[in-house]
Number of protein chains: 2
Amino acid sequence: MGTVWHCQAVTSANIAGAVRQGSLRELNLAVVLGRIATADRPPSRAAIAADTGLTRATVSAVVDDLIAGRLVAEVDPEPRTGAGRPARGLRLAADGPAGLGLEINVDYLAACVVDLAGAVRHHEVRRADLRPLSPTEALARLVELAGRARAAADRLGLTLAGATLAVPGLVDAHGLVRLAPNLGWRDVDVPALLAGHPPLTGTVDGVPALTVDNEANLAALGELHAVPGTASFLHVSGEIGIGAGIVLDGALFRGARGWSGELGHVPVDPAGPRCRCGGRGCLETYAGQEAILGAAGLAGADLPADTAARRLADLASAGDPQARAALHAAGTALGVAVAGVVNLLDLDTVVLGGGYATLAPWLRPPVATELTARVLTAAWSPVSVRAAALGPESAVVGGAGAVVRRIVARPSGWLGRRE
Amino acid sequence: MGTVWHCQAVTSANIAGAVRQGSLRELNLAVVLGRIATADRPPSRAAIAADTGLTRATVSAVVDDLIAGRLVAEVDPEPRTGAGRPARGLRLAADGPAGLGLEINVDYLAACVVDLAGAVRHHEVRRADLRPLSPTEALARLVELAGRARAAADRLGLTLAGATLAVPGLVDAHGLVRLAPNLGWRDVDVPALLAGHPPLTGTVDGVPALTVDNEANLAALGELHAVPGTASFLHVSGEIGIGAGIVLDGALFRGARGWSGELGHVPVDPAGPRCRCGGRGCLETYAGQEAILGAAGLAGADLPADTAARRLADLASAGDPQARAALHAAGTALGVAVAGVVNLLDLDTVVLGGGYATLAPWLRPPVATELTARVLTAAWSPVSVRAAALGPESAVVGGAGAVVRRIVARPSGWLGRRE
DNA sequence: CCCATTTAATTCAACCACTGAACAAATAGT
DNA sequence: ACTATTTGTTCAGTGGTTGAATTAAATGGG
């Protein structure tokens, strides 16, 4: 996919771009900023030099650039034992660039602002049934939210460096929403419709200010952001459909054309019930929201995802046998599908997100059972199954986080933006 | 998604190494060599400069290093129209470093030598039933083959820069064969057993001279090598078991622990027949060699993979209805499993390899049918299904190719090897 | 046939960014 | 106060790219 910095595959084949003179500094800016971002306590220049193998002189020069560009700030030295000149700690600036995350979903709109360090500095959710609205109307309301987020960022001294919009549907490489069935959208050109709304239009140093992405993908990124420990996992978003975000080595895997993650249509039983996709026995017909609600005796409720999950969870914790059986059946089907994925990709962690996060107490046991039974390598390296750390905010936060993550990965773009 | 670039994680691999002074040249060596390797006709220095954005001066300097290190050779200018001094073409050297590929399988041993340009310069297959032999005995025979390959390389003026051994089983990161069920191997430490056999022991500039890898993985690499066009595909190896090699963006995906590709145990029907892995209804119970032979009325034949495939193909082309039905059923099951994979990973190509390559004429239709029916994005971007270009040699050639590919990706290692 | 034109490759001074060592700054211990 | 110790900066030195000028080798027109 790409130009200079594409998502790197397992082999570090850096043959993408030529290395010009200035690339050296460009790369070292990224190296040093990366260390500052991933360190658990503010590191000193000397510590970074020791870690990276660069000279202290080089690190100092690089850090000067980063501070001048408002990406890094110095903090007072933390009390330390032993002799020697005290180190000045370095951390990501809390008043530099920030990312704007936006989300359009079936029953709410959301916006949030995340600073370089990953802290959520502003967050607003507005509930409303979006289905009766046209894309233009829905986006108009989104622009309002974005405006308020921008104002909040200004008050906080933050500069919005880009925005990411999460949509529950298939999005192509240009931000065109090919299909968002639950919103009733088809071929909606979001960037074109938003043209003229300042924070969401144009390009920032060659990068479009607004990126549109699938909700499940961004939710997976949000989880990566919230729990930085695990580098490879499968994030399953249980909503009306079932999406999966695949994170490999700390990077989202998007597939050959960017439409990876359609876990909902992985076959569970080839002779099973007919699915709206045309296949038979897809996971969605067993563990989709409609299927679970139907099995639990709540058919036809037509609830938004989180309400449905909440109600199921209430019933299950009250001991309702039908609800529990429904969840057990769904968890088993989910386990079968996920076992196939884990066998194929050899992942060690499965995260239950979206509506499944709420239902995790009842879904986890059957999922884990199937994984233990069906995953070939489960015997000597067990697969862990856990609920998502962030709840439904995962996608907005993940989207905003993706913006700042891009800056951290390639700070030269931000530093050279004025020229 | 949005656009061309990918959201990169902070923990991504390319911030791992600091960029020191010499890295500049190191990277540009890789960039220039990469262009020479991937160009369809020998490019000139000027063309490389124009392509990469480097100066002609820099390209000349880099090319001088590459020629001095016997990685690149000049060829006579090809007749060209128009005025101007004729360009001197550059191509990968045919007398520089080469890769040694080795394979141990149930019924044969193989060795081959591949030069930098990817040409197979030596190839030897020795048929023998390996199952009654101990690992030590089997490896002793392999060492003989390797010795002859080395002699052949010497005669051709090639220097072996490393070796890769393909094994039909699970291999860990250190070359330990955890389990090779069809060979009857368990926890066989191949590098230790080969210690003392010169081309297969020790390290070459930090990289072990011998790499051991799963046969299915290497077969996928061989296919990538043979048909360089497709960058992302699923390579399915139908042998006694069913393995898959996943190639994403031109690189093999190995999973979190290196055990990806267990397609044989992806569930096809959760209530299906019990599988030797402990699960139920795994793909292997429908499309494994034993299952197909049984359904075709050849149960208990205990044939080596390619013989079995050959005999089935003969029966099917003779019109035998039982064989055809067996292949159709296997293809359908395979299609169901692969549809799940394609939905999840969004791949656009599926390659039928190993024994399946021979059976492709009968397997392809049902596989394609299932994919069309079950893959969500099939409507607007069809998935192509084809037989492997290389037959059973895929794995040896892929292994040897992996050695030279590593040199092309990081030529500085080879160039600096003497010091 | 000679010379202008064109494209390829090399040479060389300039420059950018890293290197290594020396030095200044700031603290703890004696 | 003095030394040991660690941090951060300054500065000459160097590797490698840059850009322009130069040489090399062909075509084509007069």
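Here is the naming used below: chain letters follow the sequence lines, and residue numbers restart at 1 for every chain.
- With rounding to whole Å, Arg56(B) atom CZ is found 15 Å from dC12(C) atom C1'.
- Between the CG atom of Leu24(A) and the C1' atom of dT19(C) there is a distance of 12 Å, rounded to whole Å.
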*asked:* Using side-chain contact (heavy atoms from CB on, under 4.5 Å), reason through Leu224(B) and Phe233(B) one step at a time and then give a plain yes or no.
replied: CA-CA 9 Å; Leu224(B) 175 65; Phe233(B) 59 86; 4.1 Å; yes

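- Looking at which nucleotide of DNA chain C each of Pro86(A) and Ala46(B) is closest to, the 5′-most match is held by Ala46(B).
- Counting to the nearest Å, the C1' atom of dA21(C) and the CG atom of Leu54(A) are 17 Å from each other.
- Residues in residues 39-49 of chain A take part in these side chain to side chain donor-acceptor pair (under 3.5 Å) pairs, two or more places apart or across chains: Arg41(A)-Glu78(A), Arg45(A)-Glu74(A).
- For Arg45(A) and dA25(C), the CZ to C1' distance is 13 Å, given to the nearest whole Å.
- Note on Arg88(B): every side-chain N or O is 4.0 Å or more away from OP1 and OP2 of dA25(D).
- A donor-acceptor pair under 3.5 Å is formed between the side chain of Trp414(A) and the backbone N or O of Gly69(A).
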*Start with the C-alpha gap between Asp95(A) and Arg121(A), add the side-chain angles, then the distance that decides, and say whether salt bridge (charged side-chain N to carboxylate O under 4.0 Å, His left out) holds.*
CA-CA 11 Å; Asp95(A) 60 351; Arg121(A) 306 287 292 275; over 6 Å; no

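- Distance CG (Asp76(A)) to P (dT7(D)): 17 Å, rounded to an integer number of Å.
- Distance from the side chain of Ala57(B) is smallest for dG19(D) among the nucleotides dT7(D), dG19(D), dT27(C).
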*Could you check Val32(B) against Leu54(B) for side-chain contact (heavy atoms from CB on, under 4.5 Å), going step by step and ending with a plain yes or no?*
CA-CA 9 Å; Val32(B) 171; Leu54(B) 293 167; 4.2 Å; yes

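- Not one side-chain nitrogen or oxygen of Thr58(B) sits closer than 4.0 Å to the OP1 or OP2 atom of dG16(D).
- Residue Arg85(B) places its side chain closer to dA24(D) than to any other of dA24(D), dA21(D), dT19(C).
- At the phosphate of dG16(D), neither OP1 nor OP2 sits under 4.0 Å from any side-chain N or O atom of Asn28(B).
- Across the protein-nucleic acid pair, Ile48(B) atom CD1 and dT7(C) atom C1' stand 16 Å apart, rounded to whole Å.
- Rounded to an integer number of Å, the gap from Leu27(B) CG to dA17(C) P is 16 Å.
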*For Leu92(B) and Leu71(B), run side-chain contact (heavy atoms from CB on, under 4.5 Å): C-alpha distance rounded to whole Å, both residues' side-chain angles, the deciding distance at 0.1 Å, then the answer.*
CA-CA 6 Å; Leu92(B) 296 173; Leu71(B) 290 172; 5.9 Å; no

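- The side chain of Arg25(B) contributes an N or O atom lying less than 4.0 Å from OP1 or OP2 of dT17(D).
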*Would you sort out whether Leu100(A) and Arg150(A) count as a side-chain contact (heavy atoms from CB on, under 4.5 Å), showing the intermediate values?*
CA-CA 8 Å; Leu100(A) 172 61; Arg150(A) 186 188 170 75; over 6 Å; no

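- Non-hydrogen atoms lying under 4.0 Å from DNA chain D are contributed by Ser60(A), all within residues 59-67 of chain A.
- Comparing dT18(D), dG20(C), dA28(C) by their nearest atom to the side chain of Thr55(B) picks out dT18(D).
- The phosphate of dT7(C) has neither OP1 nor OP2 within less than 4.0 Å of any side-chain N or O from Ser44(B).
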